[in-house]
Amino acid sequence: MTTFDHRDFRKPDEVRDFEYGQVELLRIDSREVGRLTLKPGWRWSTHVKPIAGTDLCEAPHFQYHVSGTLRVRMADGTEFDATPGQVTSLPEGHDAWVVGDEDVVVVDWWGATHYAEHQ
């Protein structure tokens, strides 16, 4: 790599709003990184499933959890909470929802490119 790029989520390239949430995308060095902000009450199967048109989230994710608690349920029923400071690698086939009254903020390097994108 002979050049550098320096970007800021205060000036995203694209913003997608959906009920109880938002994804902000940065395009950097021919890649994309997303910041998802999910409000209390948000659940993938309620608020994004109608946009995605699939039974479960089919986007793989590689995320750093900045704030809030996100409960994840995999297709096989395995369930766990992701909390600030943790990193998750999720394959396709999961549901997720906000636990508690704090916004969930995650930075996602794999799954944000088409997240909540109307087909």
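Owing to the predicted nature of the structure, the values given are computational and were not obtained by experimental measurement.
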Please give me the minimum heavy-atom distance between [X] and [Y], naming the atom from each residue.
X	Y	answer
Ala112	Arg16	O-NH1, 3.5 Å
Pro12	Glu24	CB-CB, 3.9 Å
Thr113	Glu32	CG2-OE1, 2.7 Å
Thr54	Lys49	O-CG, 3.1 Å
Pro84	Gly68	CD-O, 3.2 Å
Thr88	Ala82	CG2-CB, 3.9 Å

Open item on the list: My understanding is that only residues two or more places apart in sequence, or in another chain, count here; which of them pass ring pair (Phe, Tyr, Trp, His ring centres under 6.0 Å) with Phe62?
Closed with: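 Here the qualifying residues are Trp110.
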Task: Any donor-acceptor pair under 3.5 Å from Asp108 side chain to Gly111 backbone - done: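 Flag set: sc Asp108 to bb Gly111 pair under 3.5 Å.
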Task: Donor-acceptor contact below 3.5 Å, side chain His61 vs main chain Ala59 - done: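 Side chain of His61 to backbone of Ala59, a donor-acceptor pair under 3.5 Å: yes, one is there.
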Linking I/L/V/M/F/W/Y whenever any side-chain heavy atoms sit under 4.5 Å apart, do [X] and [Y] land together?
X	Y	answer
Phe9	Leu36	no
Val87	Val104	no
Val98	Val105	no
Val106	Val72	yes
Leu38	Val33	no

TODO: Check the surroundings of atom CG in Asp55: do more than 12 heavy atoms from other residues, nucleotides or ligands lie under 6.0 Å from it?
DONE: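 Atom CG in Asp55 is not crowded, with 12 or fewer foreign heavy atoms closer than 6.0 Å.
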Roughly how far apart are [X] [atom1] and [Y] [atom2], rounded to 0.5 Å?
X	Y	atom1	atom2	result
Arg73	Cys57	CZ	SG	14.5 Å
Trp44	Trp97	CH2	CH2	12.5 Å
His94	Ser45	NE2	OG	11.0 Å
Ile28	Arg7	CD1	CZ	6.5 Å
Gln63	Trp109	CD	CH2	9.5 Å
Glu102	Ser67	CD	OG	5.0 Å

- [ ] With sequence neighbours excluded, give me every salt bridge (charged side-chain N to carboxylate O under 4.0 Å, His left out) pair touching residues 39-48.
- [x]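 Output for this query lists Lys39-Asp103, Arg43-Asp95.
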Open item on the list: Salt bridge or not between Glu14 and Arg27? Use side-chain N to carboxylate O under 4.0 Å.
Closed with: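 Answer for the salt bridge query: yes.
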Task: Residue pair Gln22 / Thr37, side-chain donor-acceptor N/O under 3.5 Å - done: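 There is no such pair (donor and acceptor under 3.5 Å, judged by atom type) between the side chains of Gln22 and Thr37.
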Open item on the list: I'd like to know if the side chain of Asp76 pairs up with that of Thr78 as donor and acceptor (distance under 3.5 Å, no hydrogens or angles considered).
Closed with: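 Indeed, the side chains of Asp76 and Thr78 share at least one donor-acceptor pair under 3.5 Å.
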Open item on the list: Could you check, using the six-membered ring where one of them is a Trp, whether Phe18 and His47 have ring centers closer than 6.0 angstrom?
Closed with: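 Ring centres of His47 and Phe18 not closer than 6.0 Å.
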Open item on the list: Checking Val107 against His65 for the side-chain contact (heavy atoms from CB on, under 4.5 Å) test, could you report, in this order, the C-alpha distance in whole Å, the side-chain angles of both residues, the deciding distance, and whether it holds?
Closed with: CA-CA 7 Å; Val107 176; His65 295 261; over 6 Å; no
Open item on the list: Please evaluate residues Arg35 and Val23 with respect to the criterion side-chain contact (heavy atoms from CB on, under 4.5 Å), reporting the C-alpha separation (whole Å), side-chain torsions for both, the decisive distance (0.1 Å), and the verdict.
Closed with: CA-CA 6 Å; Arg35 178 171 64 182; Val23 61; over 6 Å; no
Task: Criterion side-chain contact (heavy atoms from CB on, under 4.5 Å) against Val99, the qualifying member of Leu70, Thr83, Thr69 - done: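 It is Thr69; the other options fail the test.
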